[in-house]
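Residue numbering restarts at 1 for every chain, and letters A, B, ... go by the order of the sequence lines.
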Amino acid sequence: MTADYTVSDLMASCIAHQVDDGDVVVQGIATPLVMAAYLLAKRTHARNIIFASAIGNAICSDWAPLSLSGIEDIWVGKALRQLTFPEIVCEYLPTLKPKEFLRPAQIDPFGNTNNVAIGDYHRPRLRLPGCGGIADVTTYYDELYFYVPRHGRATFVKRLDFKSGLGVSPGGPGAAAKGRYLVSDLGTFDFSGGRLRLVTCHPGVTPESIQAKTGFPLAIAPDLKETPAPTTEELRLLRQELDPLDIRSIECLSGPARWARLREIANLELSSGTSLRGGLKPWTWIIYRR
Amino acid sequence: MTADYTVSDLMASCIAHQVDDGDVVVQGIATPLVMAAYLLAKRTHARNIIFASAIGNAICSDWAPLSLSGIEDIWVGKALRQLTFPEIVCEYLPTLKPKEFLRPAQIDPFGNTNNVAIGDYHRPRLRLPGCGGIADVTTYYDELYFYVPRHGRATFVKRLDFKSGLGVSPGGPGAAAKGRYLVSDLGTFDFSGGRLRLVTCHPGVTPESIQAKTGFPLAIAPDLKETPAPTTEELRLLRQELDPLDIRSIECLSGPARWARLREIANLELSSGTSLRGGLKPWTWIIYRR
Amino acid sequence: MSKIITLREAALLVRPGDILALGGMTLYRRPVAFVRELLRQRVGELTLLELTGGFESDLLVGAGLVRRVRTCYFGLETFGLAPMFTRLAGSGGLEVIEETEATIAFGLRATLAGVGFMPGQGLLGTDILAVRPDIELVTCPYTKRQLVAFPALRPDVAVVHCQIADRNGNARLLGNKAIDRDIALTANRMVLTAERIVDSPADLGGEIDLLGARVTAVVEAPGGAKPTSCFPLYPLGSLEILDYVLACQREDFAGYLERFLGSD
Amino acid sequence: MSKIITLREAALLVRPGDILALGGMTLYRRPVAFVRELLRQRVGELTLLELTGGFESDLLVGAGLVRRVRTCYFGLETFGLAPMFTRLAGSGGLEVIEETEATIAFGLRATLAGVGFMPGQGLLGTDILAVRPDIELVTCPYTKRQLVAFPALRPDVAVVHCQIADRNGNARLLGNKAIDRDIALTANRMVLTAERIVDSPADLGGEIDLLGARVTAVVEAPGGAKPTSCFPLYPLGSLEILDYVLACQREDFAGYLERFLGSD
């Protein structure tokens with residue numbers, strides 16, 4: 001990996017390239033890397049995408065830069081419409097079948113995932129926050145997209161401890177079609193043949209090192225390539241316009257390094273006053289104008 | 001009937017007296033008499049009622065005078081919130097179980113009603129507009145309220161041609177409780193014992209003349225009384241504030257008399273400009289201010 | 001690639017035999033200009049799906065373009081019965097699928113949720129079930145209570161008239177919301193006619209009711225709901241509705257229709 | 001008869017053993033001031049029902065007042081795991097009823113419709129069904145497809161923090177709407193805490209999200225969501241959330257709680 005860009009820049013670029021113009025794209029809880037990628041897509045090749053989000057409960061076509069404390073600036077201040085959560089779950093998601101990037105705590109070779117518990121469910125080694133709506137949407141999304149910010153054998157497992165997201169059954173009908181794409185901090189993958197398959201290695205990463213960090217034998221594309229680096233324009237947009245505080249990189253950190261970085265960003269936002277921007281649409285402000 | 005008030009004034013007063021303060025009350029399609037009565041209740045003893053309406057698809061606590069061409073002034077211009085119709089049907093009505101006055105085309109002694117077709121369903125003598133939501137709400141409303149602006153044997157029938165609203169089964173459980181109240185242009189009724197029972201005759205009307213216009217034997221309350229006339233204040237409110245164009249009386253008319261009266265009202269509204277009032281809440285107007 | 005087309009082009013999105021869902025209700029914010037164009041092009045064999053049928057629906061019925069109606073109320077409200085619906089439904093010249101508020105609302109919600117039915121209260125004990133043999137019951141697995149399984153409803157094409165829309169079809173609905181959002185989300189094709197079209201969502205001045213992503217075509221049609229109302233721009237044209245009633249009363253539907261098609 | 005009462009009085013509406021539904025989501029517009037009062041009064045044996053559990057939910061769990069949680073996500077989002085939930089759920093000290101977005105959304109909709117279940121897509125093929133033996137399947141009578149019958153959910157008491165309300169409890173929600181409208185309509189008792197209380201609906205400046213007719217009590221609580229956000233009045237207090245995470249990290253939940261209860 002060269003010093004020109006971070007792995008989160010690269011992953012954001014990869015995710016952005018999976019977004020087509022006109023898509024409806026969805027962001028789950030605590031996924032700033034995905035948000036940076038969607039904004040990047042919008043500002044490059046996919047001007048007409050519509051965003052929907054777990055945070056904000058809103059549909060948006062306008063955007064604002066990423067923020068930690070003021071995350072609602074994007075989702076509420078710029079909303080085409082705010083929805084109730086049941087409207088989103090019972091109506092909009094099954095109807096629009098949007099493109100969504102899921103971040104699994106565990107994933108098996110077939111795209112089944114776990115975000116509920118590590119170890120025995122009733123006495124877990126690690127209780128996870130829960131699967132949100134992954135157990136719902138993966139039963140009807142036609143295509144699944146994943147990202148893994150910290151590739152390791154804890155995440156890529158032969159057998160899940162708990163299946164809270166539906167991939168494909170090995171050899172089942174439509175197996176090849178449903179799993180579509182996965183990007184980690186080491187490479188990009190498809191599900192050709194219904195199984196996770198390495199398609200590109202990130203610059204400086206070998207397929208052997210990826211296999212070593214993967215808990216099952218990896219299929220490898222015959223024309224294995226290197227992941228294209230983000231372009232200069234993509235980097236400029238990410239750093240100067242879309243996410244100047246580099247909030248997207250938080251997902252690649254853990255433990256004390258993560259807390260330190262969060263404190264740094266929170267203080268930056270406080271001092272620059274960016275945590276609650278202006279420019280909100282008038283009807284959200286009406287009650288405060290009097 | 002004295003010349004001091006019309007039968008629609010009297011019916012509006014009767015309906016208003018059935019409304020308790022704090023009620024959520026609902027108005028069906030094309031029922032101005034009921035609307036006049038609800039407004040009368042609100043301006044007298046029931047200040048805190050909430051209106052919901054088929055027209056406007058809205059919940060309201062504020063009010064505007066009745067209008068023919070500008071009916072949406074009440075329901076939209078003054079709305080606490082506009083709802084989608086499925087929200088009303090699938091959520092608000094079953095949850096709030098509001099008080100609603102139904103106008104049947106046919107009603108049997110047990111409060112079962114018909115608003116679908118007169119004669120054989122497949123080759124009706126008269127196809128009616130349909131039952132709206134009456135076949136839905138009467139299955140779960142705890143109490144049923146009715147009004148009949150033109151009492152006659154065509155409406156009060158021993159046997160319905162089609163049952164599109166659920167009253168009670170004779171002698172069934174809760175029979176006495178479900179049917180609660182009916183007012184016609186001749187008298188007021190309850191469902192004591194599970195069957196329609198005459199409770200008061202309107203001034204100048206005899207129980208015999210009511211029986212003659214009813215297609216089944218009427219039970220009569222032992223303490224049969226005269227319906228109290230509307231008070232002077234009620235009449236003042238109806239005529240001067242709530243419904244100065246006397247739109248409430250349209251329901252008591254039919255055929256050419258009704259068309260003539262409708263034309264008269266429409267012309268009056270056009271000439272006085274009352275068909276689209278001001279005073280609408282600002283967010284409904286936002287798009288027109290620029 | 002603009003979605004903005006003419007009324008004439010938009011009417012081509014309706015094909016003979018389609019289930020056509022019309023927005024608004026009865027006499028409020030109906031897509032009258034669009035229906036006038038359908039009447040001119042004489043697109044027929046339609047199934048009309050509406051919350052409530054009113055003025056323009058009766059014109060379609062009277063003109064013989066409707067084979068079947070699915071609605072819970074078809075009339076002219078205070079102005080009385082819908083003349084041509086009443087006549088044709090009475091004579092067997094029109095198939096009526098008896099709907100209620102719940103069959104329509106839960107039916108659309110079933111389609112939105114991607115399932116074949118939604119359970120709800122309603123209909124049990126009434127004769128509606130007798131004339132809707134297609135409606136099944138379902139037993140709640142928890143309470144063991146019998147419920148009606150309202151079957152999923154999906155329009156082929158939906159047409160909604162709105163006050164303001166952007167070029168992509170994001171739109172605000174003032175006045176009755178009716179089932180417009182629901183038919184717009186479920187229809188295979190969706191036509192929006194608008195009093196006014198603006199460039200971007202920021203110019204709409206408020207939250208959208210209809211999502212452009214589900215809109216096939218946008219047509220500029222000022223006054224496009226007349227003589228029905230378009231709150232708060234213009235009220236219901238009561239005199240025009242009366243004229244229609246009285247024309248039918250004197251057996252002059254054909255003359256009325258001719259005059260209506262000649263106007264614009 | 002005003003509905004306006006104090007926080008202390010309002011907390012008495014929550015009884016030990018209640019299903020308590022909290023409005024907002026995770027770190028956004030949570031009823032934190034109300035929860036502080038519950039922690040002071042030590043109302044226990046609660047079942048927490050939330051779209052997503054976050055900061056104040058973790059305090060309730062850590063203080064031992066929660067017997068059971070029903071939510072589809074319990075964590076601090078970008079700030080990491082919710083420390084006390086993670087510990088107690090891992091050690092068996094807390095019962096977790098595994099919910100998803102659909103079990104919550106369809107469950108509340110079933111209650112709103114007055115029925116015992118709503119069918120929907122989701123869960124089939126996952127292990128959620130194995131740990132939720134109470135969830136039954138249902139066969140669509142039309143398509144014969146097997147669906148999940150999401151069981152009806154009803155809170156005993158709901159608590160929602162809003163930006164502005166009138167004295168009757170009509171309220172506007174800015175920011176995430178979450179499931180607030182739905183818990184407010186279905187709960188047997190409903191407490192509203194508000195940044196600001198105005199006299200009448202006309203002073204709210206916009207359409208209501210919560211209907212006063214379903215609100216039991218209204219409490220004035222400026223800053224009542226801090227350190228969670230209350231858009232657009234104040235942002236998320238990221239440093240305060242971090243402080244909490246780090247206090248738990250150094251095994252000082254008790255000290256944090258004491259400081260939290262001392263603040264106002």
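- Using a 4.5 Å cut-off between non-hydrogen atoms, the part of residues 175-192 of chain C that approaches chain A consists of C:Arg181, C:Leu185.
- To the nearest 0.5 Å, atoms CG (C:Asn168) and CG (A:Leu80) are separated by 9.5 Å.
- Heavy atoms closer than 4.5 Å to chain A are found nowhere in C:Leu108, neither backbone nor side chain.
- Heavy atoms of other residues, nucleotides or ligands lying less than 6.0 angstrom from CZ of C:Arg67 number 12 at most.
- Residue A:Leu93: no heavy atom, backbone or side chain, is found under 4.5 Å from chain C.
- Of all the heavy atoms in C:Gly114 and A:Pro94, the pair that sits closest is N-CB, 4.4 Å.
- The two atoms that bring C:Ile208 and A:Arg81 nearest to each other are O-NH1, 2.7 Å, heavy atoms only.
- For the atom pair CD1 of A:Ile59 and CG of C:Asn170, the computed distance is 8.5 Å after rounding to the nearest 0.5 Å.
- For C:Arg68, the CZ atom sits in a packed shell: over 12 heavy atoms of surrounding residues, nucleotides or ligands are nearer than 6.0 Å.
- Contacts between residues 24-48 of chain A and chain C, defined by a heavy-atom separation under 4.5 Å, are made by A:Val24, A:Asn48.
- Proximity to chain A (any heavy atom under 4.5 Å) is shown, for C:Ala113, by both the backbone and the side chain.
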